[in-house]
Structure formats: C-alpha cells, structure tokens
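In what follows, chains carry the letters A, B, and so on, assigned in the order in which the sequence lines appear, proteins first and then strands, with residues in each chain numbered from 1. All figures in this text were calculated on a predicted structure; none of them were measured in a lab.
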Amino acid sequence: MLNKKGVRQVLDTLEEMFPDAKCELTHSNEFELLVAVILSAQATDALVNKVTPDLFEKYHTPEDYLAVSLEELQQDIRRIGLYRNKAKNIRKMSADLVEKYDGKVPSSYDELINLAGVGRKTANVVMSVAFDEPAIAVDTHVERVSKRLGICRWKDSVLEVEKTLMRKIPEEEWSDTHHRMIFFGRYHCKAKTPNCPECPLLEICREGQKRMKKRG
DNA sequence: AACTCGGGGCA
DNA sequence: TGCCCAGAGTT
C-alpha cells in the first residue's frame with residue numbers, strides 16, 4: 001500500500017499530465033448532463049457525444065421525454081448500448097423529476113440517488129460536474145488505476161476503494177483527481193495495454209514494475 | 001455477489 | 001472476431 005507521500009506524488013503527477021481534465025460529456029444544463037450520464041453507462045463518452053446533439057435538439061425538458069412513446073425514445077438512442085433499459089430509466093427519472101421537483105434537477109446527492117435510474121456513480125458525477133461538489137465515483141478506470149498504483153488493495157470492493165480514496169485524498173482534490181484518474185486509465189493505464197515504459201509513475205508502481213520485468 | 005442488458009470501438 | 005466500455009436494477 002502506498003504511503004501518504006506516495007499518494008501525494010500520484011496526485012501531483014496526475015495534475016501534471018492532465019491539468020484541466022474534466023467531464024467530456026457535452027451538455028448545456030444540469031438536466032442534459034443527467035441524461036448524458038445515464039446514457040454513458042457501459043458506453044464510451046465519445047459515442048454518447050455522437051448521439052446527444054440530435055437528442056438534445058429534440059428533447060429539452062423531462063416533459064419532452066414523457067411526451068413520446070417509449071419505443072420512439074428507444075429508437076432515438078438505439079446506437080448506444082443497453083438502450084432499452086436506458087430509455088426506460090430516462091423516462092422514470094423524468095417522471096420523478098416532474099412529480100417531486102417540478103421538473104428541475106435536485107442539487108443534493110441523496111435526492112439524486114433516489115431518482116429512478118440514478119445510482120451512486122451518476123449521482124456523484126452530477127454533483128461534481130453540475131454542482132461543483134467534491135465527489136469521487138469509483139468506475140472501472142478509477143478502480144483499476146487505484147489498485148495498480150497501490151493506493152488501495154487488490155481485493156478491495158468498490159465501496160472499500162471509494163472509502164480509501166476519500167480517506168487518503170484531500171476533499172478539495174476529490175473531483176479533479178476523479179477526472180484525472182479516468183483520463184489516466186483511458187489513455188495511459190489501459191486495462192489490456194498499459195503504457196508502463198513511458199509512465200511517469202513507473203518508479204512507484206508495483207504493478208508496472210512487475211509488468212516490465214515480465215516483458216524483460 | 002452474480003446476472004442481464006447491448007451496440008460501437010478497437011486490436 | 002473477441003473483448004471492453006464514466007452503470008443500475010433485480011434476484
């Protein structure tokens with residue numbers, strides 16, 4: 001397990017690599033962000049960004065999503081995986097919004113996560129991006145990077161990873177670090193082909209050193 | 001904790 | 001072709 005100094009070095013290095021990392025989902029208000037994040041489950045943000053321009057031109061409010069049939073909405077997001085469930089979730093979420101919050105997006109984590117189709121990760125991203133609240137959501141990238149670098153243990157559950165990160169990282173750095181770890185995981189520390197030889201964190205990364213030895 | 005939904009991107 | 005992806009609900 002990485003000590004405090006090691007974690008500090010990781011945070012500083014990530015900042016150097018991705019000084020202005022931020023959510024890449026295109027949106028112009030909280031509601032669009034919420035829809036985009038729901039669509040992005042198990043899909044790449046690049047794909048989501050190809051679909052949302054047309055989608056957001058057609059739908060502007062929760063009422064708009066409820067005004068068409070489920071089948072029509074499903075067709076509109078057909079290019080994104082899991083589209084049948086996502087269309088259902090977007091409609092449930094929209095109905096919740098209209099019923100409980102007068103069609104507006106609530107600004108607390110507890111309210112967000114209680115919306116149908118909104119889970120821990122979606123609520124976290126919306127809080128951090130739309131409302132600028134400190135948040136860390138452990139997705140596949142964050143989990144993989146944290147384990148490889150030794151910020152947490154290999155056997156930690158997602159919840160344990162999240163708790164460890166929140167304990168070891170200063171709260172004011174949660175959001176930036178979250179986005180930077182995702183960028184790092186996507187572009188450098190990839191699941192199958194991590195670029196260890198050119199990694200600035202190689203000297204403190206056990207997994208990286210192990211892989212370099214293996215390669216010879 | 002494991003399973004299901006799922007088309008597109010990439011090697 | 002096969003594997004993976006800014007996840008959530010159900011059992």
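- Proximity note for Thr122(A) (side chain, C-beta onward) versus dA8(C), dG9(B), dG7(B): the nearest is dA8(C).
- Under the rule for a salt bridge (Lys or Arg N to Asp or Glu O under 4.0 Å), Glu160(A) has no partner lying at least two apart in sequence or in another chain.
- The side chain of Ala191(A) approaches dC5(C) more closely than any other nucleotide in the set dC5(C), dG7(B), dC5(B).
- OP1 or OP2 of dG9(B) has at least one side-chain nitrogen or oxygen of Lys50(A) nearer than 4.0 Å.
- For Gln42(A), no side-chain nitrogen or oxygen approaches OP1 or OP2 of dC5(C) to under 4.0 Å.
- Summarising the geometry, the separation between NZ on Lys92(A) and P on dG9(C) is reported as 7 Å, rounded to the nearest angstrom.
- Here Ala43(A) lies in heavy-atom contact (under 4.0 Å) with a base.
- Using a 4.0 Å cut-off between charged nitrogen and carboxylate oxygen, Arg186(A) and Asp45(A) count as a salt-bridge pair.
- For dG7(B), neither phosphate oxygen OP1 nor OP2 lies less than 4.0 angstrom from any side-chain nitrogen or oxygen of Arg78(A).
- Where Tyr83(A) and Thr193(A) meet DNA chain B, the nucleotide closest to each residue was compared, and Tyr83(A) sits on the side nearer the 5' end.
- The existence of a salt bridge linking Arg180(A) and Glu173(A) is excluded, since no basic side-chain nitrogen approaches an acidic carboxylate oxygen closer than 4.0 Å.
- Within the 4.0 angstrom heavy-atom criterion, base atoms lie near Gly81(A).
- dG6(B) and dT1(C): their P atoms are spaced 24 Å apart (whole Å).
- If you take CD of Glu24(A) and P of dC5(C), they are 16 Å apart, rounded to a whole angstrom.
- To the nearest angstrom, P of dG7(C) lies 13 Å from CZ of Arg120(A).
- Within the 4.0 angstrom heavy-atom criterion, no nucleotide atom of any strand lies near Ile38(A).
- Glu207(A) has no carboxylate O lying under 4.0 Å from a charged side-chain N of Lys147(A), or vice versa, which leaves the two without a salt bridge.
- No option in Tyr83(A), Tyr59(A), Tyr65(A) other than Tyr59(A) meets the side chain to side chain donor-acceptor pair (under 3.5 Å) test with Asp76(A).
- The nucleotide whose nearest atom lies closest to any side-chain atom of Leu47(A) is, among dG6(B), dG8(B), dA8(C), dG8(B).
- Rounded to whole Å, atom P of dC4(C) lies 16 Å from atom CG of Asp139(A).
- One finds a salt bridge joining Arg8(A) and Asp12(A) here, because a Lys/Arg side-chain nitrogen approaches an Asp/Glu carboxylate oxygen to under 4.0 Å.
- Whole-Å rounding puts the Tyr187(A) OH to dC10(B) P distance at 11 Å.
- Rounded to whole Å, atom P of dG9(C) lies 10 Å from atom CG of Leu115(A).
- Listed nucleotides: dC5(C), dG9(C), dC5(B). Nearest to the side chain of Asn89(A): dG9(C).
- Residue Val118(A) is in sugar-phosphate contact alone, with no base atom involved, counting any heavy-atom pair closer than 4.0 Å across all strands shown.
- Atom-to-atom, NZ of Lys86(A) to C1' of dA8(C) comes out at 10 Å; the value is rounded to the nearest Å.
- Comparing Ala116(A) and Ile182(A) against DNA chain C, the residue whose closest nucleotide sits nearer the 5' end is Ile182(A).
- Residue order along DNA chain B, read from the 5' end via each residue's closest nucleotide, puts Arg84(A) first among Lys190(A) and Arg84(A).
- Rounded to an integer number of Å, the gap from Leu82(A) CG to dC3(B) P is 17 Å.
- Distances from the side chain of Asn85(A) to the nucleotides dG6(B), dG8(B), dC5(C) place dG6(B) closest.
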